[in-house]
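Quick notes on the structure that follows.
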Amino acid sequence: MHIVIAGAGEVGFHLAKQLAHEQKDIVIVDTDKERLNYVSNQLDVAVIEGNSIYYDVLREAEIAKADLLIAVTPAEETNLATCMIGKKLGAQRTVARINNVDFLSHRQREDLRTLGIDELISPESLAAREIKRLLREAALTDTFEFDRGMLSLIGIRIEEGDPFTGLMLKETSSLNKDRDFVIVAILRNGRTIIPDGDTRLELNDNVYFVAEPTGVDRVFELKGGTKKKIRNIMILGGSRTGLHAAKKLSQKTNKYRVKVVERDREKCFKLADELPEALIINGDANDVNLLIEEGLEEMDAFIAVTGNSETNIISCLLAKNHHVAKTIALVENIDYILLSQTIGVDTMINKKLIAANFICRYLRRGNVLSIASIHGVDAEVLEFEVEENSAICFQKLRDLDFPEGAIIGGVIRNNQGFTTMGNFEFHPKDHVVVLCKSNVIRSVERFFK
C-alpha cells in the first residue's frame, strides 16, 4: 500500500510511526526541512521537501499510485487543495484535516466529495466526541461499546483492597465464575502488557476488560461500588475543543448540566450565544476560590481544555483533590499521556493523536467494523466480521496460531455478546473483538481476509 502524507507535524508523524510497523510504503511531504530530517532519522519512510499543492512535488511522491493521500498540515486551505489536486492526479482515496466544522455538515461533505475530498477530520470535533465517550461512567478509566453494548471494553485502576490485587490471571477465574469478562490488556508504568495466565495484577495497574453486560456489572461489584452516572460537568477553557465538547454535552437529550469557565470576556459572550443550554462563567483557571465558589466540589466531572497543558493537568489535580470523580485534561505533548496513570489525572487526551488514530481506520484490511484506541495504551481494539472464506472461520480459538501481542476478547453472534474460551468456534457473520499491538496488526488481519 502506497501512502502519501502531507504534513510532518505531530499528526503526520504519529501516523507514519504507526504505519512503519506495518511495512507500508510511506512518503511524507513538508516544507520544513528540519522537521523532515527529524522524521527521516526516526522512521523508515521517504521524505520530500516541498509544498504539497505543487504538481511536481506530488508527482515526485508518486501520487498516481497512492492508495491513500492524507493532508494534515496546519493550514486548512493547503489540506483541501492538496486533496483536490492529488485526486486529480490519481490518488485512490483522500483525507483532509480541517478547522472549520461547518464543512462537516452532510451537504458540505457531499459537495467536497465531488471535488475529490473523500473524508474530512477535525481534531477538535473528534476530541469533543472522545470526551463525551469517556464520560459515560465515572468509575471507569475508559469505556467503549460494541454493537450497542452487546460487548464492552472497560478500564479500571487496581487500588488497595481490590480483590484483583496480586492475583495471576489464571487465579481470577474464582472471581469470574460466569466467565463473562476477559482481561485483555494492562497498562503498568507506561508499558502495555498483553497478559497471559501467569501475568500478575499489581497495585496501580490500569486493567482493561472485554465484558458481556453482566460482566460489566460484575467488575463494578468486585470494585466494591456501583455505577455512578455523571450529571454535573465543569469545562475549563472556551477553546475550539471546549466549545465542541460543551455543544455535545449540553444538548437537552444528554441530561448533563454544563458550566464553562473562560478568562476572555469577549469570548464568553460568543460562547453564551453558541451554548444556550450551558452556564458561561468569566474567570481565571488559576483562581481556585472562583472554581470552588462556582461549585467545583459538586461536580461529577472536570474537563480542562485550555491552550496550556500544564494548566490543564494542575487544574485536574485540583479537581481530584476536591473529590471530583472524573477528570480529563487536554495536553499538547503526546508523551504526557503516559503520566496520567501515575500522577492522578483520570485521562489525558491529545487531539492530534485522536485524529491520527481515526485516520488509521482507512488502512485496516479484513472486514473491520469499528476501531477503538485506549489512551496511553500501545494497542488498538478492532471489531472484525468473519466471512466464510476467512482463515479464522470454523476454527476453534485454541487451534489458532494467534500472534503474541494480540488477544481475542469476545464475539457478538446473533445480537448476543460472548467472551471466548479455548473451545469457542468462529462462524460466518461473527463480530470478533481483538486487542492487538501495532506491530502485529498485519498478522491479525490475515485471519479475517
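From Ile230, atom CD1 reaches atom OH of Tyr256 across 6.0 Å, with rounding to the nearest 0.5 Å. The OG1 atom of Thr192 sits 5.5 Å away from the CG atom of Leu187 when rounded to the nearest 0.5 Å. Met1 contributes atom CE, which lies 11.0 Å from atom CG of Asp25 (distance to the nearest 0.5 angstrom). Note that the CG atom of Asn206 and the CD1 atom of Ile156 stand 9.0 Å from one another [nearest 0.5 Å].
Residues Glu130 and Ile328 have side chains not in contact (no heavy-atom distance under 4.5 Å, counting atoms from C-beta outward). Counting only heavy atoms from C-beta outward, the side chains of Cys436 and Leu382 approach each other to under 4.5 Å. Counting only heavy atoms from C-beta outward, the side chains of Phe426 and Leu397 approach each other to under 4.5 Å. Within the 4.5 Å cutoff, the side chain of Thr165 has no heavy atoms near those of the Glu202 side chain. Within the 4.5 Å cutoff, no side-chain heavy atoms of Gln416 are placed close to those of Met150. Counting only heavy atoms from C-beta outward, the side chains of Ile235 and Val261 never approach each other to under 4.5 Å. Residues Val433 and Ile408 fail the side-chain proximity criterion, which asks for heavy atoms closer than 4.5 Å. Under the 4.5 Å side-chain criterion, counting only non-hydrogen atoms from C-beta, Ile28 is not in contact with Ile48.
Although no hydrogens or angles enter the test, the distance criterion places no donor-acceptor pair under 3.5 Å between the side chain of Ser390 and the main chain of Val386. Within the 3.5 Å criterion, the main-chain N or O of Gly410 finds no donor-acceptor partner in the side chain of Thr419. The main-chain N or O of Val305 is found under 3.5 Å from a side-chain atom of Ser239 such that the two form a donor-acceptor pair. Of the possible polar contacts, none joining the Lys255 side chain to the Arg231 backbone as a donor-acceptor pair under 3.5 Å is found.
Test Thr347, Leu135, Leu134, Thr327 against Ile303 for side chain to side chain contact (heavy atoms under 4.5 Å, CB included) and you get one pass: Leu135.
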For this session: Could you please spell out the steps behind the salt bridge (Lys or Arg N to Asp or Glu O under 4.0 Å) verdict for Asp142 and Arg133?
Result: CA-CA 8 Å; Asp142 214 322; Arg133 180 179 73 80; 2.8 Å; yes

Problem set entry | Intermediate values then yes/no, side-chain contact (heavy atoms from CB on, under 4.5 Å), Asn423 and Arg398 | CA-CA 6 Å; Asn423 62 349; Arg398 68 163 70 96; 3.3 Å; yes

For this session: Let me see the working for Asp67 and His2 under side-chain hydrogen bond (donor to acceptor under 3.5 Å, both in side chains), right down to the final yes or no.
Result: CA-CA 5 Å; Asp67 300 284; His2 184 63; over 6 Å; no

For this session: I would like to know whether Val210 and Val381 meet side-chain contact (heavy atoms from CB on, under 4.5 Å); could you show each step before the answer?
Result: CA-CA 10 Å; Val210 170; Val381 186; 5.7 Å; no

For this session: Report the C-alpha separation of Asp300 and Lys326 in whole Å, then their side-chain angles, then the decisive distance to 0.1 Å, and conclude whether the salt bridge (Lys or Arg N to Asp or Glu O under 4.0 Å) test is met.
Result: CA-CA 6 Å; Asp300 303 309; Lys326 187 82 167 183; over 6 Å; no

Exercise. How far apart are the C-alpha atoms of Lys437 and Ile194, what are their side-chain angles, what is the distance that settles it, and do they pass the side-chain contact (heavy atoms from CB on, under 4.5 Å) test?
Worked result: CA-CA 8 Å; Lys437 290 190 174 182; Ile194 307 298; 4.0 Å; yes

For this session: Please lay out, stage by stage, how Glu49 and Asp30 fare under the test side-chain contact (heavy atoms from CB on, under 4.5 Å).
Result: CA-CA 5 Å; Glu49 183 183 356; Asp30 201 290; over 6 Å; no

Exercise. Going through the checks in order, is the salt bridge (Lys or Arg N to Asp or Glu O under 4.0 Å) test met by Glu445 and Arg442?
Worked result: CA-CA 5 Å; Glu445 288 173 338; Arg442 288 191 76 193; 5.6 Å; no

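Closest non-hydrogen pair, Pro195 versus Ile183, comes out as CG-O, 3.8 Å. Residue Ala16 comes nearest to Ile26 through the heavy atom pair O-CD1, 3.9 Å, listed as atom of the first residue, atom of the second, then distance. When all heavy atoms of Met234 and Met299 are compared, the closest pair comes out as N-SD, 3.6 Å. When every heavy atom of Asp284 is checked against every heavy atom of Leu290, the shortest pair comes out as N-CD2, 3.8 Å. Considering all non-hydrogen atoms of both residues, Ile158 and Phe164 come closest at CD1-CB, 3.7 Å. In terms of heavy-atom proximity, Pro123 sits nearest to Ile121 at CD-O, 3.8 Å.
Of the charged side-chain nitrogens involved, at least one lies within less than 4.0 Å of a carboxylate oxygen, so that Glu159 and Lys223 count as a salt-bridged pair. Using a cutoff of 4.0 Å between basic side-chain nitrogens and carboxylate oxygens, Asp198 and Lys170 are scored as salt-bridged.
Between Phe13 and Tyr38, the distance separating the two ring centers is shorter than 6.0 angstrom. Taking the ring centroids of Phe144 and Tyr208, they lie at or beyond the 6.0 Å cut-off.
Sparse packing is recorded around CG of Asp44, with 12 or fewer heavy atoms of other residues, nucleotides or ligands lying under 6.0 Å away. Heavy-atom neighbours of Asp399 CG from other residues, nucleotides or ligands within 6.0 Å: above the threshold of 12. By the 6.0 Å contact criterion, CD on Glu171 is enclosed, its count of non-hydrogen atoms from other residues, nucleotides or ligands being greater than 12. Counting non-hydrogen atoms of neighbouring residues, nucleotides and ligands closer than 6.0 angstrom, the CD atom of Glu34 reaches no more than 12 such neighbours. Heavy-atom neighbours of Arg263 CZ from other residues, nucleotides or ligands within 6.0 Å: at or below the threshold of 12. Surrounding CD of Glu404 are at most 12 heavy atoms belonging to other residues, nucleotides or ligands under 6.0 Å away.
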What donor-acceptor contacts under 3.5 angstrom involve side-chain atoms of residues 309-317, with partners at least two apart or in another chain?
residue, atom, partner, partner atom, Å
Ser309, OG, Glu332, N, 2.8
Glu310, OE2, Tyr336, OH, 2.9
Thr311, OG1, Asn308, OD1, 3.3
Asn312, OD1, Thr306, N, 2.9
Asn312, OD1, Thr306, OG1, 2.7
Asn312, ND2, Thr306, O, 3.1
Asn312, ND2, Asn308, O, 3.3
Asn312, ND2, Leu330, O, 2.7
Ser315, OG, Thr311, O, 2.8
Ser315, OG, Asn312, O, 3.0

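Ring-plane geometry between Phe424 and Phe418 is classed as tilted, the angle between the planes lying from 30 to 60 degrees on a 0 to 90 degree scale. Between Phe394 and His427, the ring planes lie tilted relative to each other; the angle falls in the 30° to 60° range.
Side-chain atoms of His244 and Glu124 include no donor-acceptor pair closer than 3.5 Å. Side-chain contact check for Arg97 and Asn79: no donor-acceptor pair (N or O, by modelled atom type) lies under 3.5 Å. Between Thr199 and Asp196, the side chains place a donor N or O and an acceptor N or O closer than 3.5 Å (distance only, hydrogens not considered).
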